[in-house]
Amino acid sequence: MIHRNLRYMTGWEWHVLQLQHKPVIHELQTKFKSKLTKENERFSGEKYELMRAHPEVSQWIESSYDRTTNNIVLQHVENHGVIVHGTILIQLSEDTKDITPFHFWLASNKLITMQSDTRIPLRLQNLDHLPLYEQCHSAPEAFFCMIGILLESLDIGLDQFEERLGQLELDMRERNRKDLLDDIIERRYELLHFSHLYLPIRELEGLSKEAFLDTLTASDSYIRMQHRFNRIDSLLKHYAMEIDTLISVDDALSNFRGNEIIRTLTIFTVICLPITLFGAIWGSNFIWLPFKNEPLGFLYTLGAILIITSFIYFLLWKRGWTGDILMHRKKSKQLSKLSINILKPLELEKFSQLPSRKSRNKKEKPPEKPEKVVTEYANDQPLPSRKLR
């Protein structure tokens, strides 16, 4: 065990407890509960050593030492007031299975963290973050700065998830193959994984706000984290809506494919029905059949089959069942008429004002030309004056 006690000028302190071994995975712990490895036997007394060194938090060490699941608790302690302690799971790399527990005990002026993975203290104690801790006035404010640092892996994972989701949308629009549903379900599971990692942090934020009130909510680090939480919330909701949309589109395409297949098979069956009937009738062992003894009986029968088949196909075509289901013939005619009516007002742009709605539907009559008055004058008479004109 490694213990580091860091004190800051603003009055709060940070105890870093680095465990010497990684806890046993939960699945293997239930299966091999009685069989401990040599490494676990070597450090079996580490928990009791921690409890003797920190008797004020011995109950927290006892409950969270072997915990590998999320757990957040709010309690009242005599010497420290309201505290928040528990465990949250942190993903430290791109691998979704690279998850380690991060144990914490948080009071107003004291913070204790306990972890088995050395990458967590290396990230939190980076030299770039030390000035940030110096500016914090309380332990909860500094703790949320640490949460923001640990959330960087979640941000990177969401960025990579967005790239994979965009590629999936592109594949659905261009190729539209049948196995896209498996990829959509895989993206859905990835989003659930990120949601399960982010939800305990949201719960921790709510309990911390309840415990420390203005001490936490008035700090700058908490306000920054609120903006970050809102951004992550909006991303998760947006990605969930996109995946739901992709599932709906895939469902609609599957239904459309199924309807097209059934429609094609139905039309093929109806068209081949006359051939089937004639074959069944003329293949029977009857003594007398029409056109059996005629020299051109086969041609007559073949012509009858073609005529009946063409008539059936004509009826299907007339009803619009052989074309596209989404565009019937009647609708196409209505759309053509509608387009003509829409284009007509465009011809009136040359006029300064459009006619009223009543006058649009009326047929415009051509303007009547004024009749020319022909006046004949004698050659010997003078022309009339301007007044007489």
Side-chain angles (χ1 to χ4, degrees), residues 1-2 16-33 36-37 39-40 43 46-47 50 60-73 84-106 111-126 129 143-165 185-208 225 228-229 231-233 235-236 239-240 243:
M1 181 193 70
I2 300 175
V16 184
L17 305 180
Q18 179 62 44
L19 303 180
Q20 295 291 334
H21 73 288
K22 297 183 70 173
V24 182
I25 301 176
H26 180 68
E27 296 178 357
L28 299 178
Q29 187 178 6
T30 56
K31 188 175 181 179
F32 306 103
K33 190 173 182 180
L36 297 175
T37 60
E39 186 178 0
N40 290 332
F43 300 106
E46 184 182 32
K47 178 172 64 175
L50 286 171
W60 167 70
I61 296 173
E62 174 70 24
S63 60
S64 61
Y65 184 80
D66 295 326
R67 184 185 295 126
T68 57
T69 57
N70 292 301
N71 185 26
I72 305 172
V73 181
V84 178
H85 65 85
T87 304
I88 56 175
L89 299 180
I90 303 296
Q91 181 176 338
L92 298 176
S93 65
E94 300 177 0
D95 188 6
T96 56
K97 297 181 180 179
D98 187 12
I99 299 175
T100 183
F102 177 61
H103 314 286
F104 62 91
W105 188 92
L106 179 62
L111 172 64
I112 302 176
T113 59
M114 184 173 62
Q115 63 280 330
S116 58
D117 200 317
T118 56
R119 289 176 293 177
I120 293 180
L122 289 176
R123 292 185 181 183
L124 297 180
Q125 298 179 21
N126 193 352
H129 306 316
F143 179 68
F144 272 88
C145 292
M146 300 176 186
I147 293 296
I149 296 171
L150 295 177
L151 278 178
E152 293 178 357
S153 59
L154 180 62
D155 293 335
I156 296 173
L158 288 176
D159 293 338
Q160 296 174 353
F161 174 79
E162 184 178 0
E163 294 180 2
R164 292 190 292 270
L165 185 60
I185 298 301
E186 185 177 356
R187 298 289 88 78
R188 166 61 78 181
Y189 281 127
E190 289 182 7
L191 187 61
L192 288 176
H193 170 74
F194 291 123
S195 300
H196 290 163
L197 291 178
Y198 175 68
L199 185 60
I201 297 176
R202 265 305 210 180
E203 182 183 0
L204 174 61
E205 182 260 341
L207 286 178
S208 301
M225 286 302 301
R228 192 168 188 176
F229 287 157
R231 179 173 58 85
I232 296 177
D233 288 337
L235 286 176
L236 292 177
Y239 294 153
I243 292 177

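Numbering starts at 1 and runs along the sequence shown. The model shown is predicted, which means the values in this text are computed figures rather than measured ones.
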- Message: If you apply the rule side-chain contact (heavy atoms from CB on, under 4.5 Å), what do you find for I147 with M225, and how did you get there?
- Response: CA-CA 9 Å; I147 293 296; M225 286 302 301; 4.2 Å; yes

- What's the verdict on side-chain contact (heavy atoms from CB on, under 4.5 Å) for T100 and R119, showing C-alpha distance, side-chain angles and the deciding distance? CA-CA 10 Å; T100 183; R119 289 176 293 177; 5.6 Å; no

- Task: Report the C-alpha separation of L17 and L50 in whole Å, then their side-chain angles, then the decisive distance to 0.1 Å, and conclude whether the side-chain contact (heavy atoms from CB on, under 4.5 Å) test is met.
- Result: CA-CA 9 Å; L17 305 180; L50 286 171; 4.1 Å; yes

- Task: Decide yes or no on side chain to side chain donor-acceptor pair (under 3.5 Å) for S93 and D98, but give the supporting numbers first.
- Result: CA-CA 6 Å; S93 65; D98 187 12; 2.6 Å; yes

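S208 is linked by a side-chain hydrogen bond (donor to acceptor under 3.5 Å, both in side chains) to nothing, counting only residues two or more places apart in sequence or in another chain. For the side chain to side chain contact (heavy atoms under 4.5 Å, CB included) test, residues two or more places apart in sequence or in another chain that qualify with H193 are Q91, T96, I99, L197.
We find that D117 and R123 are not joined by a salt bridge, their nearest charged nitrogen and carboxylate oxygen being 4.0 Å or further apart.
Remark: E94 CD is loosely packed, at most 12 non-hydrogen atoms of other residues, nucleotides or ligands lying under 6.0 Å away.
A pairwise comparison of heavy atoms in S63 and R67 identifies O-NH2, 3.1 Å as the closest pair. Pairing each heavy atom of I120 with each of P101, the nearest pair is CD1-O, 4.4 Å.
Between the side chain of Q18 and the main chain of S116, a donor-acceptor pair closer than 3.5 Å is present. Proximity of a side-chain donor or acceptor of R228 to a complementary backbone N or O of G148 within less than 3.5 Å is detected. Side-chain N or O atoms of H129 include none that pairs as donor or acceptor with a backbone N or O of L124 at under 3.5 Å. Under the 3.5 Å distance criterion, the side-chain polar atoms of N71 are left unmatched by any main-chain donor or acceptor of I88. Side-chain atoms of W60 come within 3.5 Å of backbone atoms of F104 as a donor-acceptor pair (strictly under, hydrogens ignored). Although no hydrogens or angles enter the test, the distance criterion places no donor-acceptor pair under 3.5 Å between the side chain of Y239 and the main chain of L165.
Taking the six-membered ring where tryptophan is involved, the planes of F102 and F143 are essentially parallel, since the angle between them stays under 30° and well short of 60°.
Screening residues 156-165 for salt bridge (Lys or Arg N to Asp or Glu O under 4.0 Å) gives R164-E190 as the qualifying pairs, with residues at least two apart or on separate chains.
With rounding to the nearest 0.5 angstrom, the CD atom of E205 is 11.0 Å from the CD atom of E203.
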